[in-house]
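First the structure, then my questions, so here it is.
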Amino acid sequence: MVRQFLIYASASTLAALALPPLATAQQRAPERPSENANARASATERAMRPDERTTLTHGLWAIPLIPNVKIPADAITGAGYVAGIPRLGVPALKETDASLGVSYIAGLRGDGATALPSATAMGSTWDADLIRRGSAMIAAEARAKGFNVLLGGGINLMRDPRNGRTFEYFGEDPLHSGVLGGAAIAGVQSQHVLSTVKHFALNAQETGRHAVDGLLADAAFRMSDLLAFEIAIEQGKPGAVMCAYNRVNGSAACGSDYLLDKVLKRDWAYPGFVMSDWGAVTNVDQALAGLDQQSGAQIDKQIFFGAPLAAAAASDPAYAARVADMNRRVLRSIYALGLNGNPPVRGDIDVAGDARVAQSVAEQGIVLLRNERALLPLSKEVRSIAVIGGYADAGVLSGGGSTQVQPMGGPAASIPMGGEGPLAKYNNQTFHGTAPLAAIRAIAPKANVTFRNGRYLSEAVAAAKEAEVAIVFATQWMAEGADVPDLSLPDGQDALIAAVTAANPRTIVVLETGGPVLMPWLKNTGAVIEAWYGGVRGGDAVAATLFGDNNPAGRLPVTFPASLDQLPRPALPYAGLSEKQFAAGLAAGKHYPIDYNIEGADVGYRWFARTGATPLFPFGYGLSYTHFDHGSLSITAGAQPRARVTIRNTGARAGSDVAQLYLVATPAGKTLRLAGFAKVTLQPGAAAAADIAIDPRLLAVSKDGRWTMPGGRYTFAIGRSAIDLGDRVTITLPARTWR
């Protein structure tokens, strides 16, 4: 197996931010993780008594809303709890969601946490160092609340922008997502908190997520979605892999011998354990397919990995061997990450310091999409501003579901979305932190700033006509469990923007969305920025960008289509079915296939390149308040090819640029594939060389679990986006084959 060929080059912006340390030496236990975790795991497993051998193989959902479930005294209200074995010094696993902060679990703990921006915003930073730091921050908060497992590391590729969990994932490219996902995992585990990587795999749709069956051939799978996981696992070394709800090529993802045993454990030699998603286990046989732990077992039909697993192991040598391996894998991760010697210690959270980390991520993730006649940055001497819509007087939007973070002091605004079930009343649109309206007023104190909520077009238009500048905040709420039906802005916001831009051509649109949206009003706007879900300091980050205190450096991690017709599946599969209908169909043996072979490995920008369609905004796109020149590209051949390009800031402001290296031709013909990237931060007039190592897998094709790179000529280009490419450079490489 190829290991660690890619090196991510970044001139980090963090040095200039003067951010506080995450934890002092006194706050962290000094013990280092065991250097021989495998041996310790084997010894402990051999010492287990028969009644202890299924202790680590299942856990419960540690919330008091599930009937007839007794929560252990040492558990913390949160996503999960797996009992330890005190006799052997094995700690309990105390689990919390998720990638964007310590989840509020329906407010049942009564505490708050720092909310990072969405993963899509993190993907827009193209900055592994910054993501590593942000993830370490939320892991430190998890430890301070008593948790030692964080259920983060979401890196599924965005095959459909309507996916309700798009905001939880980094983007559409396997290299980009793998590198950034690996950084997030490494950041979490630097705090002696175990991180997962999820949802393995092909979790590309939320509607009917327990029933849909993703169909994708092995070669395309390994060159796209699986490659993202492979890179993230190599670089982050997560303690656990969480399998998905959906089916993959006919088998449940959490019972797929292909995914769990053949790809993950055999081909990638993954040494950790596989945990199920909550409610994804249907029988004990899933253990034989490679599943090691049943999570939230009380919401399954049965605790299959308890007494039924023990009985199977007592009578079947295959199950007995599997149980031994399951325990060793869980124990190995505990020892490798030092969970046994570094228990979490409850303590205070550095609220202000952690918020600064979140704000730096938000600022670096904001993407400037349009800036006609240099409308932005605004002058702080502006006389009048009309701020319209988007609950901008309250806070910034966050995504719903298991990643929902309860901000300190509670949400700024909470809008019930309804639904059924015990958690329906917690299914709210939640707005975080600092309000953009207050932040704008603070940064431009001389301006007359008025606010209209946008409910009535006439009122919004009247305010826009009277103002020197209008700023419309538009939101698109996404949440776990259901996809959005289309890519319009809901609640009549497209009509609102059209009316305001007609009244005032100096209109700026600030988008708070989970992913791409359509923009029928785009050509009439003065400026558009994509702020995503901005986290606890999202309002401050937006204001800093509008007025130039932050020079936008974000580059799109996903393609914005110009219409739904440009997507591989213009109609969302099975959008008209309810969860009850899906469940009834499954019970009757019905399958709900989604053919991802349509695009295969050509996800996102590669699909657009294949079809020749012109997107609204391409992958990698983003404007700046300064300008960067790219020098001549040079490529060094060899076993590990490398690219080098000099970037110069030729403008008047400090800023950051992302050098995007694309593979554009192979011996087999034309192609388009991100082959590497490097982020540099430069003062005006300064230059820096970006050095990018090229992972050979990005030049190869997969077949039967092996990589084959034909000998011949390979052509590369440095791009400002996937469709804005500079000069080509061609090198000759020898043929190679490897696993």
**T125 side chain vs A121 backbone, donor-acceptor pair below 3.5 Å** =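 Absent.
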Using residues 711-719 as the side-chain source, report each donor-acceptor pair under 3.5 Å to any protein atom, sequence neighbours left out, with the distance given to one decimal.
{"unit_1": "Y714", "atom_1": "OH", "unit_2": "P710", "atom_2": "O", "d": "2.4"}
{"unit_1": "T715", "atom_1": "OG1", "unit_2": "T730", "atom_2": "OG1", "d": "2.7"}

Option from N203, V558, T120 for which side chain to side chain contact (heavy atoms under 4.5 Å, CB included) with Y169 holds: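 Only one of N203, V558, T120 forms a side chain to side chain contact (heavy atoms under 4.5 Å, CB included) with Y169, namely N203.
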Worksheet item: Could you give the distance from OH (Y621) to CG (L368), rounded to the nearest 0.5 Å?
Response: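 Going from the OH atom of Y621 to the CG atom of L368 covers 7.0 Å.
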Going through the checks in order, is the salt bridge (Lys or Arg N to Asp or Glu O under 4.0 Å) test met by K679 and D657?
CA-CA 6 Å; K679 186 173 184 178; D657 190 27; over 6 Å; no
Donor-acceptor pair, T196 side chain versus G152 backbone, under 3.5 Å?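 Such a contact is found between T196 side chain and G152 backbone.
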inquiry  = When you measure from the side chain of Q189 to the backbone of I185, do you find a donor-acceptor pair of N or O atoms at a distance under 3.5 Å?
reply    =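 The answer is no, because no donor-acceptor pair under 3.5 Å joins these two groups.
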Basic-acidic side-chain contact under 4.0 Å: D173, R606: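 Between R606 and D173 there is no salt bridge, as every charged N stays at least 4.0 Å from the carboxylate O atoms.
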Look at atom CG of D727 and say whether more than 12 heavy atoms of other residues, nucleotides or ligands are closer to it than 6.0 Å.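 Check fails, neighbour count at 12 or below.
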Test side-chain hydrogen bond (donor to acceptor under 3.5 Å, both in side chains) on E372 and T525; report intermediate values, then the result.
CA-CA 8 Å; E372 293 298 290; T525 61; over 6 Å; no
- request: Answer yes when D129 and R133 have at least one side-chain N-carboxylate O distance shorter than 4.0 Å, and no when they do not.
  value: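 Answer for the salt bridge query: no.
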Exercise. Please confirm whether the backbone N or O of L375 pairs with a side-chain atom of N371, one donor and one acceptor, at under 3.5 Å?
Key: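 Side chain of N371 to backbone of L375: a pair is present.
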Separation between CZ of R132 and CE of M137, rounded to the nearest 0.5 Å: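 Here the interatomic distance stands at 15.0 Å.
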Are the side chain of Q660 and the backbone N or O of G620 linked by a donor-acceptor pair below 3.5 Å?
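Checking the backbone N and O of G620 against the side chain of Q660, a donor-acceptor pair under 3.5 Å is found.
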